[in-house]
Amino acid sequence: MLDIKLIRSNPDFVKERLSTRDKAYSKMIDEILAVDEERRALIKELEDLKAEKNRISKQIGVLFREGKKEEAEKAKEEVHAKNKKIDQLERELKDVEKRFNYLLLSVPNIPHPSVPVGEDEEENVEIRRWGEPRRFDFEPLPHWDIGEKMGILDFERGAKLSGSRFTVMYGYAAKIERALISLMLDLHTKKHGYTEVWTPVLVKPEILTGTGQLPKFEEDLYKVCDEDLYLIPTAEVSLTNLHANEILKEEELPKYYTAYTPCFRREAGSHGKDVRGILRQHQFDKVELVKIVKPEDSYNELEKLVKEAEKVLQLLELPYRVVELCTGDLGFSASKTYDIEVWVPSQNRYREISSCSNTEDFQARRAKIRYKDKEGKNHFVHTLNGSGLAVGRTLLAIMENYQRKDGGFDLPEVLKKYM
RNA sequence: GGAGAGGUGGCCGAGCGGUCGAAGGCGGCUCCCUGCUAAGGAGUUGAGCGGGUUUCCCCGCUCCGAGGGUUCAAAUCCCUCCCUCUCCGCCA
C-alpha cells in the first residue's frame, strides 16, 4: 500500500512512476484523491460533533451530582440530537472509507528508479550468467519423457486424483524432491544466517491482504469452503506476516526467515501455457527466503538475497542467468525484482526458478509491521522475499541438464549425501 | 465437540456505569545522589487518525480480544464471534 500522504502531496510523481507499469493507474490516483478529500471532510465534521457531544456528556454527570436534574435532562436531549447526526455521518464515512481502502489496496507499488522501463518480459534486462549450458551429443528429452520412462513421474494418476496440473512422483523423484528441500534449508540456515520456520499453509484473508494477494488477486488463490481460509500461494505470505501488527525493536532487525512449504496456485489465466511436465503445477514445493530489515539496508539486502538463492544453483552446478524485471513485468507488491532463470535444455532457454523482490514498505504498511528506533519513533520496516528455490523446477532442471543418452539422469554431486 | 475460567498499556496487574487512556509494580528513558558500581530519590514513558503550528509543540477523535447492542455516558451492563488456559470427549 502506498502512503496516502505521498499520493496527496505528490500526485504527479506517483502517477508518473506508476504509468511505467500501466497507463491506467493515473485515473485511479485521481479517484483516490477525490475520495480522500470526501473522507477527510467527513472525519472533520464527525470529530467536531463528537467533541461537542463528549463535552456535554461530561457536564451531565456533574449536573446530576449537583442535583440539577432539569438542566441535566435538557442536556440529554441535546446529546440525543447530536447522536442522530453522528449516526448518519458515521454510516456515510463507513461507506467512503470502504471505497477508499479498496482503492488504496488496489494500487501497486512504485518501481524503484533503477528499474528499467519496459512493457513486458521481453524488456527485462539480463544482469549476469553463470555456467555453460551443456552441449548434448544426442537430442535432450523433456523431463516429462524422462520421468515417465523411468516411472517416477505420473501425470495420468495426478490428473485422476486431482485434475490437470497435478502430478504424482514415485521413488527417485520423490526422494530427490525431499533431498533438495533439505539441501536448501541447510544452506540457508547454516551458511546464510536464516531461521528455519514451519508455518501453516492455510491463512486468513487479512494475512493475504498484508502481502498483497488480496483483494485484487483472489482468482489466483484456492479458498477452502465452509471456512474463511485460503491456501498460501507462497510461504512469503506466512513468513512476512509473522510480524503483522507488531512493533519490533530496532535491535531485532534484520530478521531472516526461511521455510519449506507446499504452495498452491490456481494458475488462472495461464491456460495452455506450460501444460506439460511439472513446470507449472497447482501444487508445488518451495523453499522461501524472507527478510525484514531497516529501510536503509533493503537494497543491499536484496543483492545479498539474490546471491543466496543463486548459491543453490551453483552448488547443483546448474547453468542460470539473473535478469532484472522491467517496470511492466514487475509484480504488484515489488519495487524491484530479480528473477533467476535456470537453463532448460529441452526448451533451449532459461526459465524462472526464483524471484527475489524488495517491496520496501509496501507490504509493511499493509501488514502494519513497524520498528521503534532509538528515539522511540515508529517506522515501517522493509520486507524482501525470494525463492530459494522452487523445488519442483529444480528437480526438472536436474533431470534435463544431467540426463544421459540411455534415458536416465545423473545426480549432482552435492545431492548425493542427502539421498 | 462439551463444561468451566479468562482475554486491560513493553510485561505483571487493579478497575466492574461518569472524575479512566486507565491505580500500583516491573522494565525503559532523563535527572539527582555517588570516587566507581550497587542501592536510593525525583520525573518521564502506548498506538492510530484528523487538524493547527511547522517542526518534534498544541488541540480533537478513536483504541481496554473483535463486532454489535443498551445508555446522555461503557474497560465496566447485554448479545454474537475469535483466541488462551483447565478438565472431559475425539483424533494423526
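Below, chain A is the first sequence line, B the second, and so on; all start at residue 1.
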**Q.** Side-chain N,O (Arg40(A)) to OP1/OP2 (C49(B)) below 4.0 Å
**A.** no

Q) In terms of side-chain heavy atoms, does Tyr320(A) have a donor or acceptor partner in Glu310(A) at a distance below 3.5 Å? A) yes

Q: Give me the ring orientation class for Tyr371(A) and His379(A): parallel if the planes are under 30° apart, tilted from 30 to 60°, perpendicular past 60°.
A: tilted

Q. With rounding to whole Å, what would you report as the distance between C16(B) and C77(B) at their C1' atoms?
A. 9 Å

Q: Could you measure between the two C1' atoms, the one in C72(B) and the one in C12(B), and give it in whole Å?
A: 36 Å

Q: Classify the ring geometry between Tyr194(A) and His192(A) as parallel (under 30°), tilted (30 to 60°) or perpendicular (over 60°).
A: perpendicular

(Q) Suppose you measure atom P in G1(B) against the same atom in G68(B); what distance do you get, rounded to whole Å? (A) 25 Å

Q: Please identify each residue that fulfils salt bridge (Lys or Arg N to Asp or Glu O under 4.0 Å) with Glu324(A), with sequence neighbours left out.
A: Lys336(A)

Q. So, Glu288(A) and Tyr257(A): side-chain donor and acceptor under 3.5 Å apart, yes or no?
A. no

**Q.** Rounded P spacing from G40(B) to U80(B) in Å
**A.** 50 Å

Q | Inter-nucleotide C1' distance (G46(B), C32(B)), Å rounded | A | 27 Å

Q | Span that lies between the P atom of U44(B) and that of C59(B), in whole angstrom | A | 16 Å

Q. Does A47(B) have OP1 or OP2 sitting under 4.0 Å from an N or O in the side chain of Asn245(A)?
A. no

(Q) Under 4.0 Å, heavy atoms only, any strand: does Arg365(A) hit a base, just the sugar-phosphate, or nothing? (A) nothing

Q: Go through the structure and list residues passing salt bridge (Lys or Arg N to Asp or Glu O under 4.0 Å) with Lys68(A), not counting sequence neighbours.
A: Glu66(A)

Q: Determine the sole option in Arg351(A), Gln281(A), Arg165(A) for which the side-chain hydrogen bond (donor to acceptor under 3.5 Å, both in side chains) test with Asp274(A) is passed.
A: Arg351(A)

(Q) Each nucleotide in nucleotides 53-62 of chain B should get exactly one letter: B, S or -. Can you fill that in based on protein heavy atoms under 4.0 Å? (A) ---B---BBS

Q) Should the ring pair Phe264(A) and Tyr222(A) be called parallel, tilted or perpendicular, given that the plane angle runs from 0 to 90° and is split at 30 and 60? A) perpendicular

**Q.** Distance, rounded to the nearest Å, where Lys368(A) contributes NZ and C63(B) contributes P
**A.** 16 Å

Q) CD of Glu37(A): more than 12 outside heavy atoms within 6.0 angstrom? A) no

Q | Value in whole Å for how far the P atom of C49(B) lies from CZ of Phe100(A) | A | 11 Å

(Q) Suppose you measure atom P in C90(B) against the same atom in C79(B); what distance do you get, rounded to whole Å? (A) 32 Å

**Q.** Under 4.0 Å protein heavy-atom contact, by nucleotide of nucleotides 66-76 of chain B - B base, S sugar-phosphate only
**A.** --S---BS---

Q. Across the strands shown, which category fits Lys372(A) at heavy-atom distances under 4.0 angstrom: base, sugar-phosphate, nothing?
A. sugar-phosphate

Q: Quick one: the dot-bracket string of RNA chain B, using Watson-Crick and G-U wobble pairs with both distances under 3.5 Å, [ ] for crossing pairs and | for bases paired to another strand.
A: ((((((((.[[[..)..(.....]]]((((((.......))))))(((((((....))))))).[[[[[..)....]]]]])))))))....

Q) Asp361(A): what forms a salt bridge (Lys or Arg N to Asp or Glu O under 4.0 Å) with it, not counting sequence neighbours? A) Arg365(A)

Q) At their closest point, which heavy atom of Thr359(A) faces which heavy atom of Asn385(A), and how far apart are they? A) CG2-ND2, 4.0 Å

Q: Round to a whole Å and report the spacing from OH of Tyr371(A) to P of A47(B).
A: 15 Å

